[in-house]
Amino acid sequence: NIKVKESVIRLAKENFIFDRFHNDPNIPDEIASNIKQQWIKNYFIGERGDKCFVILENEILAKGFLLTVIRQNEVVIDLIAVDKKFRKKGIATKLIEGMISYYKNDYSTYTVGTQVLNVASINLYQKCNFNITEYGLVWHYFNDELK
């Protein structure tokens, strides 16, 4: 459905604030938002991700979505977002529970990454029985010649 697709793409562009791109002072918010938008667009053109779970309102408005990638023998939550209007209503939890239910017969390992400052996400993943197994740093390199 084209309206659902457009709704998911809009949600990806407009609802991230704590991700590594938005938190990088060298990346303007508009570019960070465009990265998230392109990330989900790539799913729709078959270039990223394996499955996109969506919770809708009125069958066309995306309240939230969860994109997965299968890596080796595990399911990775590649991208998850809930529209600002629908936060604190259990949408993200339902997305994660639905994803696990969908994959439970084929996979037993689920992985997700988030930023240490994203307390809401950390609380969500802990509530959904994820455990911290490692910490890592992501570095961005900026080619001054391209600026």
Side-chain angles (χ1 to χ4, degrees), residues 4-56 61-147:
V4 170
K5 178 179 165 183
E6 289 171 354
S7 179
V8 170
I9 291 169
R10 179 203 49 79
L11 195 156
K13 182 175 176 103
E14 298 176 0
N15 287 278
F16 285 93
I17 31 177
F18 297 115
D19 61 282
R20 64 187 169 111
F21 303 111
H22 284 88
N23 282 320
D24 189 321
N26 295 302
I27 301 175
D29 283 347
E30 183 179 344
I31 291 174
S33 294
N34 287 340
I35 290 169
K36 294 299 186 171
Q37 179 184 41
Q38 190 60 52
W39 198 321
I40 197 67
K41 280 183 173 180
N42 286 345
Y43 167 76
F44 288 114
I45 61 172
E47 292 185 5
R48 184 178 188 113
D50 293 290
K51 183 86 175 151
C52 186
F53 301 84
V54 182
I55 293 180
L56 298 172
L61 176 66
K63 291 181 177 182
F65 73 86
L66 184 155
L67 179 66
T68 59
V69 173
I70 306 300
R71 289 196 188 126
Q72 294 160 0
N73 203 24
E74 70 179 1
V75 179
V76 178
I77 297 175
D78 193 40
L79 197 60
I80 183 170
V82 174
D83 189 300
K84 293 173 191 141
K85 297 181 293 215
F86 299 107
R87 291 189 183 154
K88 305 278 186 203
K89 298 180 187 312
I91 303 293
T93 301
K94 287 178 186 171
L95 285 164
I96 292 170
E97 289 171 349
M99 178 268 306
I100 291 171
S101 178
Y102 178 85
Y103 286 118
K104 70 181 177 189
N105 293 328
D106 298 312
Y107 298 94
S108 59
T109 304
Y110 305 89
T111 304
V112 64
T114 193
Q115 283 58 53
V116 70
L117 297 177
N118 193 344
V119 176
S121 289
I122 291 169
N123 290 339
L124 166 68
Y125 299 133
Q126 288 178 332
K127 176 182 169 187
C128 292
N129 296 316
F130 282 77
N131 297 299
I132 297 172
T133 58
E134 64 183 78
Y135 288 92
L137 297 173
V138 175
W139 295 72
H140 294 157
Y141 171 81
F142 296 91
N143 185 345
D144 290 333
E145 294 174 12
L146 297 177
K147 288 184 182 177

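One is the number of the first residue; the rest follow in order along the sequence. Hydrogens, waters and symmetry mates play no part in the numbers below; they use all other heavy atoms, side chains included.
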Asks: Quick check: do Tyr110 and Lys104 have side-chain heavy atoms less than 4.5 Å from each other?
Replies: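 Yes - at least one pair of side-chain heavy atoms lies under 4.5 Å apart.
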Asks: Checking Phe21 now: which residues fulfil ring pair (Phe, Tyr, Trp, His ring centres under 6.0 Å) with it, not counting sequence neighbours?
Replies: His140
Asks: How many angstroms lie between atom OG1 of Thr93 and atom NZ of Lys127, to the nearest 0.5 angstrom?
Replies: 3.5 Å
Asks: Using a 6.0 Å cut-off, check whether atom CZ of Phe44 has over 12 heavy atoms from anything other than its own residue.
Replies: yes
Asks: Would you say the side chain of Ile70 lies within less than 4.5 Å of the side chain of Val75, judging by non-hydrogen atoms?
Replies: yes
Asks: Check Lys84 against Glu14 and note the closest heavy-atom contact, atom names and distance.
Replies: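 Here Lys84 and Glu14 meet closest at NZ-O, 2.7 Å.
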Asks: Apply side-chain contact (heavy atoms from CB on, under 4.5 Å) to the pair Leu11 and Phe86, showing each step before the final yes or no.
Replies: CA-CA 11 Å; Leu11 195 156; Phe86 299 107; over 6 Å; no
Asks: For the residue pair Ala32 and Ile27, what are the closest heavy atoms and their distance?
Replies: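 Looking at all heavy atoms of both residues, the shortest contact is N-CG2, 3.8 Å.
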Asks: If I compare all heavy atoms of Val54 with all of Leu56, which pair ends up nearest, and what's the gap?
Replies: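 Shortest heavy-atom separation between Val54 and Leu56 comes out as CG1-CD2, 3.5 Å.
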Asks: Of the non-hydrogen atoms in Ser121 and Asn118, which two are nearest, and what is the gap between them?
Replies: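 The pair with the smallest heavy-atom distance is OG-ND2, 3.0 Å.
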Asks: Please evaluate residues Asn34 and Gln38 with respect to the criterion side-chain hydrogen bond (donor to acceptor under 3.5 Å, both in side chains), reporting the C-alpha separation (whole Å), side-chain torsions for both, the decisive distance (0.1 Å), and the verdict.
Replies: CA-CA 6 Å; Asn34 287 340; Gln38 190 60 52; over 6 Å; no
Asks: Taking Glu47's backbone N and O only, do any of them form a donor-acceptor pair with Asn42's side chain (distance below 3.5 Å, no angle check)?
Replies: no
Asks: Step by step, would you call Asn73 with Thr109 a side-chain contact (heavy atoms from CB on, under 4.5 Å)?
Replies: CA-CA 7 Å; Asn73 203 24; Thr109 304; over 6 Å; no
Asks: Kindly write out the residues that satisfy ring pair (Phe, Tyr, Trp, His ring centres under 6.0 Å) with Tyr107, not counting sequence neighbours, or none if the list is empty.
Replies: Tyr103
Asks: Any side-chain heavy-atom pair from Leu79 and Phe65 closer than 4.5 angstrom?
Replies: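 Side chain of Leu79 against side chain of Phe65, heavy atoms only: contact under 4.5 Å found.
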Asks: Supply the atom-to-atom distance Leu124 CG to Arg87 CZ, rounded to the nearest 0.5 angstrom.
Replies: 11.5 Å
Asks: Donor-acceptor pair, Ser33 side chain versus Asp29 backbone, under 3.5 Å?
Replies: yes
Asks: Atom CG of Asp83 and atom CD1 of Ile55: how far apart are they, to the nearest 0.5 Å?
Replies: 12.5 Å
Asks: For Phe16 and His22: C-alpha separation, side-chain torsions, deciding distance, then whether side-chain contact (heavy atoms from CB on, under 4.5 Å) applies.
Replies: CA-CA 7 Å; Phe16 285 93; His22 284 88; 3.8 Å; yes
Asks: Please examine the side chains of Trp39 and Leu67, heavy atoms only from C-beta on, and report whether any two atoms are closer than 4.5 Å.
Replies: yes
Asks: If you round to the nearest 0.5 Å, how far is CG of Asp78 from CD1 of Ile40?
Replies: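 Going from CD1 on Ile40 over to CG on Asp78, the span is 8.5 Å.
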Asks: Looking at every heavy atom in both Ala62 and Ser7, which two are closest together, and how far apart are they?
Replies: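 Ala62 and Ser7 have their closest heavy atoms at N-OG, 2.6 Å.
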Asks: Between NZ of Lys85 and NZ of Lys63, what distance do you get to the nearest 0.5 Å?
Replies: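 It comes to 10.5 Å.
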Asks: Measuring only between side-chain heavy atoms, which start at C-beta, is Ile96 closer than 4.5 Å to Leu66?
Replies: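 In contact.
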Asks: Looking at CD1 of Ile77 and OG1 of Thr68, how far apart are the two atoms once the value is rounded to the nearest 0.5 Å?
Replies: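 Result: 8.5 Å between the selected atoms.
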Asks: Show me, pair by pair, the donor-acceptor contacts under 3.5 angstrom made by side chains of residues 128-137, not counting sequence neighbours?
Replies:
none

